[in-house]
Structures are given as structure tokens and as C-alpha cells.
Amino acid sequence: MEQVLVVGAIPPELRAALSGRFALVDHAPDLADPARFRVAVTTSMTGADAGLLESLPSLGLLACNGTGLDRIDMETAARRG
């Protein structure tokens, strides 16, 4: 089962829907082996800064639940493809 990194709190109904198909791993400062994640999910309130994005070298998809991208470092995300 593919692991998905959960950045911050996500709505319970989203967690329930995702957990049926993926192994969810909550982000923590001492997270072991962040390179294993190809997918991460965040919210428009939590976002994803450059430091987080750079710490996930295998990340191919960052899904954002909510409206707005102002808390996601779009420059870094674009540079990462």
C-alpha cells in the first residue's frame, strides 16, 4: 500500500476516504526517511513551504484540500516540477 504524507490536520472525512486506499503517515519533525514519499496532502491553511518541499526529494504530487495556494511555496513547487 502506497504511503501518503499528511502535512498538518486534514478533515476527518478526507482522512477516512484516503485511508481506505493509502497508508497515511502524519508529518513530524523527526520523520524517518522522508525520501520515500511520492505523494503528500496538505490543506490551504497549512500549506507547504520550501523547506518541506525540499525535504521530500521523491515528491511527485502535492494535493491541497481547500481553496487557495498562498501557503504553498509555488516557486519551489514549480522548480521541482
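A distance-only check finds a donor-acceptor pair linking the side chain of S58 to the backbone of A35 [under 3.5 Å].
Residue V41 is grouped with residue L61 when hydrophobic side chains (ILVMFWY) are merged at heavy-atom distances under 4.5 angstrom, including chains of intermediate members. Linking ILVMFWY residues whenever their side-chain heavy atoms come closer than 4.5 Å, directly or via other members, places L59 and L31 in the same cluster.
Taking the salt bridge (charged side-chain N to carboxylate O under 4.0 Å, His left out) definition, one finds that R79 meets it with E54, sequence neighbours left out. R80 pairs by the side-chain hydrogen bond (donor to acceptor under 3.5 Å, both in side chains) definition with nothing, not counting sequence neighbours. Listed by chain and residue number, R38 satisfy the salt bridge (charged side-chain N to carboxylate O under 4.0 Å, His left out) test with E2 (two or more places apart in sequence, or in another chain).
Between G47 and I72, the closest heavy-atom pair is CA-CG1, 3.9 Å. When all heavy atoms of A48 and L52 are compared, the pair lying nearest together is CB-CD2, 3.8 Å.
Under a 4.5 Å side-chain heavy-atom criterion applied to ILVMFWY residues, the cluster that includes M45 comprises that residue alone.
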When the side chains of residues 4-20 are checked against the rest of the protein, which donor-acceptor pairs come out under 3.5 Å, sequence neighbours left out?
from, atom 1, to, atom 2, distance (Å)
R15, NH2, D26, OD1, 2.7
S19, OG, R15, O, 3.1
S19, OG, A16, O, 3.1

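Counting heavy atoms from C-beta on, the side chains of F37 and Q3 come closer than 4.5 Å.
Sorted by first and then second residue, the side-chain hydrogen bond (donor to acceptor under 3.5 Å, both in side chains) pairs involving residues 64-75 (not counting sequence neighbours) are D73-T76.
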